[in-house]
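Counting from 1, the numbers follow the sequence of the chain as shown.
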Amino acid sequence: MSFLQRTVINAVVFMATAGFFPQYFQVSSIWVSFIAAAVLGILNMFVKPFFVILSLPITFMTLGFFYLVINAFMLELTSILIGDTFKFANFGAAFLIAIVLSVVNLVITNYRSSI
C-alpha cells in the first residue's frame, strides 16, 4: 500500500476515533488529521525501526504485545509534534487508538492482498 493511501486511511481512522472517543482523543479538523497521519507515517519510516530493534527482547518476551506500546508511543510523539490540535488525554488513550489503528490497517492490508 502506498504512503498516500495509508495516510488517507489513518486520517479517516483518526477522525472516526476522535468522534467515538471524544473524552480521550481530540482532533480539531480534518486537515489536522491528514497532517498527523503524514507525520505518523514519516515517524514510522524513520524513528520506529530504531525502537523496534531496541525493544526486540521485550517484544519477544511479551509475544509481540510490546509492539502495540511502541505504536502508542509513536502516536504520542506525533501528538507532541503536532501540538494542541491533535492530543490524547493520557497514554492509555494513545494505546487504545493504537489498537484501533492496528486492527483497521491489518484488515485493510489483508483485504487488499486477497483481491
Side-chain angles (χ1 to χ4, degrees):
M1 188 176 324
S2 74
F3 179 78
L4 183 61
Q5 290 173 331
R6 190 168 299 271
T7 300
V8 169
I9 290 168
N10 287 344
V12 170
V13 171
F14 287 155
M15 290 304 294
T17 52
F20 282 122
F21 306 110
Q23 66 273 21
Y24 299 123
F25 178 47
Q26 295 176 355
V27 178
S28 64
S29 70
I30 187 74
W31 301 112
V32 171
S33 177
F34 278 110
I35 292 169
V39 168
L40 180 65
I42 291 169
L43 287 174
N44 282 342
M45 274 193 280
F46 295 111
V47 177
K48 189 176 180 179
F50 294 112
F51 287 115
V52 169
I53 290 170
L54 288 174
S55 66
L56 203 55
I58 194 166
T59 304
F60 181 72
M61 288 173 40
T62 60
L63 302 175
F65 179 73
F66 195 74
Y67 195 72
L68 291 172
V69 174
I70 294 171
N71 287 343
F73 180 71
M74 289 292 110
L75 285 171
E76 282 284 347
L77 192 56
T78 302
S79 173
I80 291 169
L81 292 173
I82 297 298
D84 286 338
T85 58
F86 182 86
K87 64 181 179 178
F88 298 95
N90 51 34
F91 188 77
F95 188 76
L96 175 69
I97 304 304
I99 291 172
V100 170
L101 200 62
S102 297
V103 168
V104 169
N105 282 322
L106 177 73
V107 168
I108 289 175
T109 302
N110 283 343
Y111 177 75
R112 285 190 49 93
S113 65
S114 67
I115 292 179

Using a 3.5 Å cut-off and no angle test, enumerate the donor-acceptor pairs between side-chain atoms of residues 14-25 and protein atoms at least two apart in sequence or in another chain.
from, atom 1, to, atom 2, distance (Å)
Thr17, OG1, Val13, O, 2.8
Thr17, OG1, Phe14, O, 3.2

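- The CD1 atom of Ile97 sits 12.5 Å away from atom OG1 of Thr78, with the distance rounded to the nearest 0.5 Å.
- Atom CE of Met45 sits in a crowded spot, with more than 12 heavy atoms from other residues, nucleotides or ligands closer than 6.0 Å.
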Exercise. Hey, mind stepping through Phe65 and Phe95 against ring pair (Phe, Tyr, Trp, His ring centres under 6.0 Å) and telling me if it holds?
Worked result: CA-CA 11 Å; Phe65 179 73; Phe95 188 76; 5.8 Å; yes

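- To the nearest 0.5 Å, the span separating OG1 on Thr59 from CD1 on Ile70 amounts to 4.5 Å.
- There is a path of hydrophobic side-chain contacts, each under 4.5 Å, that joins Val52 to Val69.
- Taking CG of Asn10 as the reference point, atom CD of Gln5 lies at 12.0 Å (rounded to 0.5 Å).
- When all heavy atoms of Ala11 and Ala37 are compared, the closest pair comes out as N-CB, 3.7 Å.
- Side-chain atoms of Met74 and Phe51, non-hydrogen and from C-beta on, do get closer than 4.5 Å to each other.
- Going from atom CD1 of Ile35 over to atom CG of Leu81 covers 12.5 Å, rounded to the nearest 0.5 Å.
- Within the model, atoms CG of Leu40 and CG of Leu75 stand 5.5 Å from one another, a figure rounded to the nearest 0.5 Å.
- The side-chain heavy atoms of Val39 and Phe86, taken from C-beta on, include no pair separated by under 4.5 Å.
- Atoms OG1 and CD1, on Thr62 and Ile58 in that order, are 6.0 Å from each other to the nearest 0.5 Å.
- Residues satisfying the side chain to side chain contact (heavy atoms under 4.5 Å, CB included) criterion with Asn71, sequence neighbours excluded, are Lys48, Tyr67, Leu68, Ala98, Ser102.
- Residue-environment remark: CG (Asp84) stays at or below the threshold of 12 foreign heavy atoms within 6.0 Å.
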